[in-house]
S.K.: 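Questions regarding the structure given below will be posed in turn.
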Amino acid sequence: MAEPTPELLTKSFELGYTYTRSTGPVIGHFLSELREGRIVGTRTSDGRVLVPAAEYDPVSAEALTEFVNVGDEGVVTTWSWVVDPISHHLMQKPFAFALIQLDGADVAMLHMVDAGSESAMRSGMRVRARWAAERRGSITDIICFEPT
Amino acid sequence: MGNRVAVVGIGQTKHKSKHKDVSIAGLVRQAAERALEDAGCTWKDIDALILGKAPDMFEGVVMPELYLTDALGGNGKPVLRVHTAGSVGGSTAVVAANYVQSGAFRRVLTVSFEKQSESNATWALSPRMPFVPHVNAGAGGFFAPYMRLYMERYGVPAHIGCMVAVKDRLNALKNPYAHLQIPDISLEMVQQSPMLWEPIRFLESCPSSDGACALVLADEQHAARSPNPPAWILGTSTRADGSMYAGKDNIHPASLIACAKDVYSKAGITDPRRQIDVAELYVPFSWYEPMYLETLGLCGEGEGWKLVESGVTALDGDVPINASGGVLSSNPIGASGMLRFGEAALQVRGMAGAHQVEGARLAIGHAFGGAHSYYAMWAVSADKP
Amino acid sequence: MSETREPITGIEVPINLQFKFTAGKALTRFLTSIREGRIVGQRCPGCNNVYVPPRGMCAACGIPTEEEVSVSDEGVIESFTVVHIPIPGNPIKPPFVAANILLDGTDMACLHRVSEVDNAKVHVGMRVKARWKPREEWDYTFENIAWFRPVEGS
Amino acid sequence: MREAAIIGYTQSAQRRYAGAANESELIMPVVREVMQSVGVSQKDIDFTCSGSCDYFQGAAFAFVEGLNAVATAPPIRESHVEMDAAWALYECLLKIWSGEADLCLVYGFSKSSPGELRSVLTLQLDPYYQVPLWPDAISLAALQARAMLDAGIISERDMAEVVARSRRAALANPKAQLSGESSVEELLAQPGFVSPLRRHDCAPITDGASALLVASAETARRLCARPAWIRGIDHRMETGMLGARDLTRSPSARYAGARAGVSAGAVDVAELHAPFSHQEIILRRELGLADGVSINPSGGALAGNVMMAAGLDRFGHVATRIMQGEAGRGVAHATSGACLQQNLVAVLEA
């Protein structure tokens, strides 16, 4: 006798691949500097400094080639508190995603802040990069930012 | 069919296995800048951006227009993203033409690309979903049986596919943007290349390329002011049908027949063999050339291979096919269709350089995608309609 | 001063996403039958064509297909290719024959493997029959049919 | 430019999990139903355009399967956008304006249930600087909500009021996934999810499909007693650099709204594609919608959010109200990307 028709046939599968991205000169320079523990931005023709180093000015569409060093400290402009990290998150404890305007930059960059608890977070707080001991030229060479 | 529209700018990158020197943005930017320069435009002159791209999985970037807008001057503008499988480069150009034909936009930029080397085409195209009911024979496993059937049905000799492969690679030698450059290409070399899926040999199939293509399309007023000759779009068309259904003809697909009929009627083409000066057809496997010649009405059923054999489709033949070297020589999938459309336009503008077909006035561009399901075409002319 | 290193020109970005795939109603019914050793297609009420595997709809007519039809495990080769290269995710060693097989009682060919015959002797119009795997190996997959083999005398 | 109007719309029941049904099996009923609603079949359709995203199915070219739900012999004129189907509707309008089509079918679909939606959407970001950090869609929206709270533009109570109103309105929408009466106090008592967002501030995960018919003037009048005329429509993009944007504002929505002519008359109803409660408030401000305007009477995306169809649904719900004589003039809005990066706005009139 045939088994009853299963209502559902479901099976898990993984879509997984390690992409090999060529960076081009601007992103490559930013990442090379990051490996040395320095953060650079690009300067637009009207003098704004975009960090991380942007290849193109979002306002004028011009290609950007002039690099500017900025600090590894800055100010949190806004943040979100992840109570339950999902599997992809790099921190598996409560942490913040934040937009951080580094000293010398005119726009904020996205990264994480490890402040221990939500109550330790506020917009306007100063944070400093926590650098990885071994750096390989990736945005994750900054592990996260932490309160100063 | 709405306001007149012309191609006034064409840009493409060199196509190659790996563009290691640029980011994804840097790649599309090269093509876009070249198209703007050809059109005598700046970013500010562009009213809308239409991006075409085959599967996002190739680069692992979902809806890449969201990230690429900065590189393509899209901010503050309408941006639309098309995806119609392999035909996408062509169907994206059709949508871009519609923007201008509608009367609401004067100059638009359309861009398509593939940075295939960020992943691996075979990986991206291999089904990994469970319960797939068919035997997995790879992409060619779907297409090859129909080429074999074509050969059997019409008694086509095996060297025809090799002849197409040689012809397109010889043309590629005249196109500095073409990926494959094989100076000593010969019939023997193709015939001795490994068999992949019978009857398809390695050199009868397309490469996997990084590359981008961009077009600037303009209305009548701006076309008149453009620094280089415009290619007037006489008609565009797209057709699609389901991947598999009973009675589907996979040799002379109904969707391509309908697409061609539509574009010919819009362009006033009643005798394609006589009227069309040059055609850029999406031929990823060499056997498609003779099959398309028949489906596109350039000859009768079962006659396509004879045109190939007699040299009609060679660069010096009376209907040159893929003077650029075609998809067999460069295949950045998302851009491959737009390259066909752009190369057709280059020909009627008289700007194709070493692969220029002397005196070309009317050309067609064609793109194909899916399981003989998605087709896009346009006809372009040196003469204003 | 730090040693100078080669500038970064590329990065590797692993992207791994988990999915839970659902076979769909029509395919579920098909796979449930094939697990019992039966090939059950669906007939389109519009064009009367029988589809195997069924999709629950006819792409020609754009209407649902519900009527189930048991079909033969024997049919005819409509077209085929000999695959000479290894296919990722497919353990079959090349060269092997992949053929569009029109099963008796159906109106659209399905792609399957043909074996137990010299590849050079496979031809369009050849009659073939399913070679089922041993019953204890049957699962929710068309691969319960290991391959198709020529019908004697064909 | 030729006039165009929406003349039919159908959506499937919005469900967390569509069970055995695959994408094609979700599309077919809505496509058939919308065509039956105006008495046409596929042979009457001049152009068909769909919106979907391969990544939700985890397979390249997944959208191709959707076409099986449509009659394609003889072959059809067709296109597909890898965007919300509201942009597929826009592509149909281009065809109508160009004189290339009179009757167009649009459909959008997705199942978000099989995958990891938050992480799939991460892949929309800058692949070099942002993706390796895996910022998920909800965390990014939360950055925007925080910026608004910090700027004093909204309070958490305002956000809860949007949710309470959405759930209440959805009681009248039999297709809605989430509906019910809940007080602002109850909502505010819920814990943080990705703070400042609570779970109810975020659109649910939904499986489903929607279909819509849009026609040129003559065809619309022939097939529909009270077409919903598209009087103005525009779409605009913003930079992908989140940190370069003022997240409390949406200049692209404002500009598109102005170009669409939102302020040219009184608005009875607006359906705003806001997958997060605070985004409805941004959009209301940027589009200049007065206090009396009925916002998201369908419940909006917070009551059911079929990715790649939720924007089209906004058009469908406004059009339905106009076609049924319940509204005279409405605004429909669709969005794409993180934090309202790209916006499409239209004005529909009786």
Side-chain angles (χ1 to χ4, degrees), chain B residues 1-3 23-24 49 53-63 65-70 74-85 91 94-95 98-99 101-104 124-125 127-129 237-245 247-248 253-255 258-259 262 370-371 373-374, chain D residues 1-2 47-48 53-55 57-65 67-68 70 72-83 87 90-91 93-100 120-128 131 234-241 251-252 255-256 336-338 341-342 344:
Chain B
M1 54 160 240
N3 292 6
S23 63
I24 299 170
L49 170 66
K53 171 76 185 64
D56 290 352
M57 251 147 251
F58 286 167
E59 290 84 6
V61 182
V62 172
M63 301 176 194
E65 68 278 6
L66 296 165
Y67 141 70
L68 289 172
T69 177
D70 292 344
N75 298 334
K77 292 175 188 170
V79 178
L80 189 102
R81 157 76 192 291
V82 182
H83 175 15
T84 60
S91 52
V94 171
V95 177
N98 292 153
Y99 266 83
Q101 286 169 317
S102 75
L125 295 176
R128 55 191 55 72
M129 300 192 299
S237 185
T238 60
R239 284 293 186 284
D241 64 8
S243 303
M244 285 191 272
Y245 57 85
K248 177 160 171 155
S255 45
C259 189
D262 187 23
S373 300
Y374 293 82
Chain D
M1 226 149 67
R2 302 174 81 213
F47 181 66
T48 301
C53 174
D54 281 352
Y55 253 100
Q57 278 162 279
F61 301 122
F63 75 95
V64 165
E65 291 296 311
L67 207 55
N68 290 327
V70 177
T72 61
I76 60 171
R77 298 179 60 201
E78 194 265 0
S79 184
H80 171 262
V81 298
E82 194 85 347
M83 305 180 81
W87 275 270
Y90 190 85
E91 191 177 329
L93 290 173
L94 291 171
K95 288 281 189 290
I96 291 173
W97 294 337
S98 304
E100 296 232 341
V120 170
L121 294 176
T122 298
L123 305 186
Q124 291 182 329
L125 303 171
D126 178 305
Y128 312 93
V131 171
D234 194 60
H235 63 111
R236 299 286 152 171
M237 176 69 98
E238 292 179 44
T239 173
M241 292 175 62
S252 58
Y255 189 57
S336 179
Q341 188 185 344
Q342 187 178 18
L344 172 65

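No experiment lies behind these values; they were computed from the predicted model shown. For the numbers below, each heavy atom of this structure counts, side chains included, while hydrogens, waters and symmetry mates do not. Each chain gets a letter, A, B and so on, in the order the sequences are listed, and its residues count up from 1.
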S.K.: Under 4.5 Å from any heavy atom of chain B, what part of S252(D) do you find: side chain, backbone, both or neither?
M.R.: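 Neither part; nothing is under 4.5 Å.
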S.K.: Heavy-atom cut-off 4.5 Å, strictly under: side chain, backbone, both or neither for S237(B) against chain D?
M.R.: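 No part of S237(B) comes within 4.5 Å of chain D.
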S.K.: Answer yes or no: is there a donor N or O on one side and an acceptor on the other, between the side chain of S255(B) and the main chain of P75(D), under 3.5 Å?
M.R.: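 Looks like no, no N/O pair under 3.5 Å.
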S.K.: Between D70(B) and chain D, which part of the residue has a heavy atom less than 4.5 Å away: side chain, backbone, both or neither?
M.R.: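 Side chain only.
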S.K.: Given L67(D) and D241(B), is the side chain to side chain contact (heavy atoms under 4.5 Å, CB included) satisfied, shown in steps?
M.R.: CA-CA 7 Å; L67(D) 207 55; D241(B) 64 8; 5.8 Å; no
S.K.: Is the backbone of L66(B) close enough, under 3.5 Å, to the side chain of Q341(D) for a donor and an acceptor to pair up by distance?
M.R.: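 Yes, because the side chain of Q341(D) sits within donor-acceptor range (under 3.5 Å) of the backbone of L66(B).
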S.K.: If I compare all heavy atoms of Y128(D) with all of I24(B), which pair ends up nearest, and what's the gap?
M.R.: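 Of all heavy-atom pairs spanning Y128(D) and I24(B), the closest is OH-N, 2.8 Å.
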S.K.: Please classify the contact between L49(B) and chain D as side chain, backbone, both or neither, with a heavy-atom cut-off of under 4.5 Å.
M.R.: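 Looking at L49(B), nothing touches chain D.
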S.K.: Between Q124(D) and chain B, with a heavy-atom cut-off of 4.5 Å, which part of the residue counts as in contact: side chain, backbone, both or neither?
M.R.: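 Contact with chain B involves both backbone and side-chain atoms of Q124(D).
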S.K.: Can you classify the ring geometry of F61(D) versus F58(B) as parallel (below 30°), tilted (30 to 60°) or perpendicular (above 60°)?
M.R.: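 Rings of F61(D) and F58(B): perpendicular, as their planes differ by over 60°.
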S.K.: Keeping the roles fixed (side chain from S102(B), backbone from S98(D)), state whether a donor-acceptor pair exists under 3.5 Å.
M.R.: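 Such a contact is absent between S102(B) side chain and S98(D) backbone.
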S.K.: Can you name the closest pair of heavy atoms from V95(B) and S79(D) and give their distance?
M.R.: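 The answer is CG2-OG, 4.4 Å.
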